[in-house]
Amino acid sequence: MENIRNTPETDSPNSSGNSSERPAWMSDPLVNAIPAKKLQFLEELFAQGQGKSQKEMMAYLMPAMKRAKQENLTFTPQEVSAAIAAIKKYSSEEELKKIDKILKKADKAENHSTGK
């Protein structure tokens, strides 16, 4: 997901010195309300997930979510929606298809585990 890691063309004058290292989606207004620690976790999740097949990504996500729970990082449905929307804004058509497939599989897995 190369485009996700690109930085915006114009950085905010209030942004920190490492804005050039931040993915563009992390500076998007959609995720302004999400705490930095949560954004960092998501950034690591997506960075380490790059280049993985859909099957590899699903196998990677389960331990990552367990780690988030151990670190007391819980995401509200609003935070998840905002992060996904921001990431999608900076994704290519191919990346969007991959994201949608992963989200559908994750939703099926969650519904299966909750008995829905």
I need the [X] [atom1] to [Y] [atom2] distance, nearest 0.5 Å.
X: Asp28; Y: Met26; atom1: CG; atom2: CE; answer: 11.5 Å
X: Lys88; Y: Trp25; atom1: NZ; atom2: CH2; answer: 14.0 Å
X: Leu45; Y: Lys38; atom1: CG; atom2: NZ; answer: 14.5 Å
X: Leu30; Y: Ile84; atom1: CG; atom2: CD1; answer: 12.0 Å
X: Lys98; Y: Glu93; atom1: NZ; atom2: CD; answer: 15.0 Å
X: Ser91; Y: Lys97; atom1: OG; atom2: NZ; answer: 13.5 Å

Identify the heavy atoms of [X] and [Y] that sit nearest to each other, and give their distance.
X: Ala68; Y: Phe41; result: CB-CZ, 3.5 Å
X: Ile87; Y: Ile99; result: CG2-CD1, 4.0 Å
X: Tyr60; Y: Gln48; result: OH-OE1, 2.7 Å
X: Ala83; Y: Val31; result: CA-CG1, 3.8 Å

task: Any chance you could lay out the side chain to side chain contact (heavy atoms under 4.5 Å, CB included) test for Arg22 and Leu39, step after step, and finish with the verdict?
output: CA-CA 10 Å; Arg22 285 180 77 178; Leu39 286 177; 4.2 Å; yes
- prompt: Is a donor on one side and an acceptor on the other found under 3.5 Å between the side chain of Glu95 and the backbone of Ser92?
  reply: yes
message: Listing request: all salt bridge (charged side-chain N to carboxylate O under 4.0 Å, His left out) pairs with a residue in residues 54-63, at least two apart in sequence or in separate chains.
response: none
message: Hydrophobic clustering (ILVMFWY, side-chain heavy atoms < 4.5 Å, transitive) - are Leu96 and Leu103 grouped together?
response: no
